[in-house]
Amino acid sequence: MNVKVLYFARLREQFGISEETVALPDNAVMVAMLLDVLRARGGVWAEQLAAGKAYRVAVNQGLVDQVAPIEAGDEVAIFPPVTGG
């Protein structure tokens with residue numbers, strides 16, 4: 001299945017892309033599995049999406065945690081937390 005992945009702010013700069021379509025195995029049904037696929041690229045991908053790094057994930061514009069389901073055609077956004085004041 002394919003999902004559209006958007007990257008914002010520091011992640012967009014580190015990865016050098018703002019969006020892409022990622023082909024996932026059929027059993028990749030959760031956000032955590034998408035993140036595993038991205039980390040498997042190694043290098044900056046593994047570093048920026050490592051456990052303990054600060055980032056958030058939204059599926060179809062709704063904030064989710066890593067056990068949230070994903071389906072073919074979903075739009076997944078990955079971005080650093082935003083602080084304001």
Side-chain angles (χ1 to χ4, degrees):
M1 87 173 161
N2 292 330
V3 295
K4 182 177 181 180
V5 183
L6 308 174
Y7 307 103
F8 292 95
R10 142 178 83 77
L11 297 176
R12 179 181 58 219
E13 294 169 11
Q14 291 290 317
F15 299 153
I17 58 172
S18 60
E19 67 179 72
E20 66 177 320
T21 298
V22 177
L24 297 172
D26 289 339
N27 65 346
V29 295
M30 292 189 309
V31 167
M33 295 171 177
L34 167 64
L35 295 172
D36 286 343
V37 167
L38 297 174
R39 285 186 201 107
R41 294 174 172 174
V44 69
W45 296 90
E47 176 185 320
Q48 293 297 319
L49 299 176
K53 286 294 249 185
Y55 60 87
R56 297 192 183 229
V57 178
V59 175
N60 299 324
Q61 301 184 7
L63 285 174
V64 297
D65 58 26
Q66 294 193 15
V67 297
I70 53 175
E71 299 178 0
D74 280 350
E75 180 181 85
V76 180
I78 306 173
F79 51 96
V82 177
T83 60

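None of these values were measured; they are calculated from a predicted model.
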Got Leu35 and Gln66 here, is their nearest side-chain heavy-atom distance under 4.5 Å?
-> yes
Any Leu6 side-chain heavy atom under 4.5 Å of Glu75 side chain = yes
Do Leu34 and Val57 touch side chain to side chain, with heavy atoms closer than 4.5 Å?
-> no
Side-chain heavy-atom pair Met1, Asp74 within 4.5 angstrom cut-off | no
Where the side chain of Asp65 meets the backbone of Val67, is there a donor-acceptor pair that is under 3.5 Å apart?
-> yes
What heavy-atom pair brings Arg12 and Ser18 nearest, and what distance separates the two atoms?
-> CD-CB, 3.6 Å
Below 4.5 Å, heavy atoms only, C-beta onward: do Leu24 and Ile70 meet side chain to side chain?
-> yes
Determine whether Leu38 and Glu20 make a side-chain contact, defined as any pair of heavy atoms from C-beta on separated by less than 4.5 Å.
-> yes
Say whether, by atom type as modelled, one donor and one acceptor occur between the side chain of Tyr55 and the main chain of Gln48 under 3.5 angstrom.
-> no
Reported CZ-to-NZ distance for the pair Arg10 and Lys53, which is rounded to 0.5 angstrom | 5.5 Å
Kindly assign one of parallel, tilted or perpendicular to the pair Phe15 and Tyr7, based on the angle between their ring planes and the thresholds 30° and 60°.
-> perpendicular
Take atom CZ in Arg56; do more than 12 heavy atoms of anything else shown fall under 6.0 Å from it?
-> no
Take Ile78 and Leu49 through the side-chain contact (heavy atoms from CB on, under 4.5 Å) test and state the conclusion after the steps.
-> CA-CA 9 Å; Ile78 306 173; Leu49 299 176; 4.0 Å; yes
How far apart are the closest heavy atoms of Glu71 and Val3, and which atoms are they?
-> O-CG1, 3.6 Å
